[in-house]
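Chain letters run A, B, ... following the sequence lines, proteins first, then strands; residues in each count from 1.
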Protein chains: 2
Amino acid sequence: MTTPTHQHATILEVAREAGASKTSVSRYFSGERERLSPNLQTSIAAAAQRLGYHPNRMASGLKGGRSRIIGMLVADIRNPFSVAVMHGVEQACRERGLSLMVCNTDNDSALEREHLALLTSYRVEGLVMNAVGSLDRELQALVEQGTPLVLLERELSQVEAEVVGLDNARALDLALDHLQARGYGELLYLSEPPGLASPRQARLTRFQQGVAARALAGEVHCQTLGETESLNRAIGNFLARPGTLPKALLCANGNATLAATRALHSLGARLGETGLLGIDELDWCELVGPGITTLAQPTEAIGRAAVECLMRRRDTGGRTMPARRVHFQASLIPRGSTCR
Amino acid sequence: MTTPTHQHATILEVAREAGASKTSVSRYFSGERERLSPNLQTSIAAAAQRLGYHPNRMASGLKGGRSRIIGMLVADIRNPFSVAVMHGVEQACRERGLSLMVCNTDNDSALEREHLALLTSYRVEGLVMNAVGSLDRELQALVEQGTPLVLLERELSQVEAEVVGLDNARALDLALDHLQARGYGELLYLSEPPGLASPRQARLTRFQQGVAARALAGEVHCQTLGETESLNRAIGNFLARPGTLPKALLCANGNATLAATRALHSLGARLGETGLLGIDELDWCELVGPGITTLAQPTEAIGRAAVECLMRRRDTGGRTMPARRVHFQASLIPRGSTCR
DNA sequence: TTGTACGCGTTATCAC
DNA sequence: GTGATAACGCGTACAA
């Protein structure tokens, strides 16, 4: 019987307790149990059990150079879309025996830099990010040090990295086709300012192209969604403008959908009469009024694909491979908000 | 074959590059810059800059025994409440120079055990959890090893740990008072099965006491919320039952609110005529029908308080201190769903 | 099959 | 002020 220590047991203590050597204990916990005699196996297991031993990943990561940690930099952890992708990332990591360290940057560029340094200092074996700022220099350094990098959606021209995300062009085509088929002729596109975030840019561009190609009337409102009055005014003006064709709002992401729904709600607009279509499926979209039509993204698949890219890149020796792109398709969920 | 990627720079390389010793470089990066001569400081800074050096936290964690990592075990990462608390935890960690390692157990007891072992193996300096299973033995071991532990809501009688969470009794009193004031006389309480999760138990118990004390009619439906038909039937029966007093649903958490709203939606019930009150405030509660009345929890404060407890316990030497409880108050947000 | 010795990058303890 | 050196816990040649 051993006295309950308040320290963590080490491999050496387990070895002594089991009457074996460090090496054997190390083997036991490194998946080479078969090569040990049954006797040793049981006594090591018993000793480890008694001492509550867990291998120290800090130490093993130091020696082997493998931290077994994947880092993830998320722009907005309170966005359900990000969480869903993260869920996929996490599952894929677990299946590979990796841990996930998630940092939320709250759309703050300084925070992003800070968190990136942090993840670097833990020697993460790969990095998944969808964050904000222009960290080109730091990311370039990271990639040159041999750390695989996958960008969610936002692509940075400077840095050699995989990009995983939605096929934005086809998603917008899908949305525009649907709205046109339902008879809406004047559209207002709602988005946060594109800034450096390339998917926002890609969606916006395709919206403008698509509107022109379909001979629809299209307007754009790009503004921080926090400014409620400004948004309400913009939507109010759009709806009040004289016009013969039915009007609809197209929202670039989940946050925009939420903001638009609130605005329409406070303006007293009836969903359907005023069309509403949002990119990103959310829990509550089926519950508001006649339901909100959405374009759902395969979030889990996106997360898993990110990890797959990471691992592939790691196994093929990093930057010698050309950067790739993985696109997923959105699926339309028609509801009452696009039904007149 | 020479590796094409130059590895991470080490403290030794920086020292050589700067013409200094390891010790000085270590001091420079450990907040003891003042004790170095200005000359040394600049040359170390320059060398580190050239080499892109970041201290290896794995190594420093090994030597000093401080990983600078806080672990968090979350039962359901897709629950917005959990994410909001996590956000608070993260902020508090950052302010203290700690990193956060989050593991999602997906309400799976086996996964929970696995993740706990993982976090232990990284020698987390503290653990925040709100997870499911009965991990009493493992947690007890953790605490005895000197790792501070804070439980969110769910308390485990066996283990000595702080508990941070809502004042469930007063929250339910608030809810019942509101419903009674609004004239609802027959209540149906919706919850997932209490099982080992003590807050569910606490809320349920208080509901039953409170209903009796107020001479209201109260029923309870505790079932996995995934079973839609069962839930619909239960709510349908409740509403169809002859009775003179207005009826209302009381939902034990955000998931229950979502399920109840869906059920009422599919049953064609009108919110308000049928009362609805949910614990946990969600983005969409103001948007559905006339709005859903909720009891909001101070999520960020709960997360921050958890980290504070952790740190306090660590600084006072862990298990010598008696376990404590921190309770927060919910605040009522009245909306149309409790207005006839 | 099992044991020994060394190195991973860092911090702490001394000496100068 | 600065520098040499010994741990920290583990993996792994290499020896037995």
Nearest listed nucleotide, side chain of Leu40(B), among dG3(D), dG9(C), dG3(C): dG3(D)
Atom-to-atom span, CZ of Arg16(B) to P of dA4(D) - whole angstrom: 12 Å
Given DNA chain D, 5'-ward residue of the pair Leu36(B) and Arg123(B), judged by closest heavy atom: Leu36(B)
What are the two closest heavy atoms between Glu125(A) and Arg68(A), and how far apart are they? OE2-N, 2.6 Å
Closest approach of Val164(A) to Cys309(A) (non-hydrogen atoms, all atoms of both residues): CG2-SG, 4.0 Å
Can you tell me if Ser21(B) touches the phosphate of dG3(D), counting only side-chain N or O atoms and a distance under 4.0 Å to OP1 or OP2? yes
Examine distances only and state if a side-chain atom of Arg96(A) and a backbone atom of Ala92(A) form a donor-acceptor pair shorter than 3.5 Å. yes
May I ask you to decide whether Arg78(B) forms a salt bridge with Glu90(A), counting only side-chain N to carboxylate O separations under 4.0 Å? no
Given dT10(C), dC8(D), dT2(D), the nucleotide with the shortest approach to the side chain of Asn56(B): dT10(C)
Whole angstrom is fine here: how far is it from NZ in Lys22(B) over to P in dG3(D)? 13 Å
Would one find a side-chain N or O of Tyr28(B) under 4.0 angstrom from OP1 or OP2 of dT2(D)? no
Looking at dG9(C), does its base get a donor-acceptor pair with the side chain of Lys63(B) below 3.5 Å? no
What is the distance from NE2 of His8(A) to P of dC8(D), rounded to the nearest Å? 15 Å
Roughly how many Å is it from CZ in Arg27(B) to P in dG3(D), rounded to a whole number? 9 Å
Asn39(B) CG to dT2(D) C1', in whole Å, measures 13 Å
Round to a whole Å and report the spacing from CE of Met58(A) to P of dG9(C). 16 Å
Any side-chain N or O of Ser26(A) less than 4.0 Å from the OP1 or OP2 oxygen of dG11(D)? yes
Need one value for Phe29(A): base, sugar-phosphate or nothing, where a base atom within 4.0 Å counts as base even if backbone is also close, heavy atoms only. nothing
In whole angstrom, what separates Gln41(A)'s CD from dT2(C)'s C1'? 14 Å
Presence of Thr10(B) side-chain N/O under 4.0 Å of dC8(C) phosphate oxygens OP1/OP2: no
Between dT4(C) and Thr23(A), counting only base atoms on the nucleotide and side-chain atoms on the residue, is there a donor-acceptor pair under 3.5 Å? yes
With distance as the sole test, does Asp76(B) use its side chain to make a donor-acceptor pair with the main-chain N or O of Asn107(B) at under 3.5 Å? no
What is the separation between atom CG on Leu12(A) and atom P on dA7(D), rounded to the nearest whole Å? 14 Å
Of Ser30(A) and Arg35(B), whose closest DNA chain D nucleotide lies nearer the 5' terminus? Arg35(B)
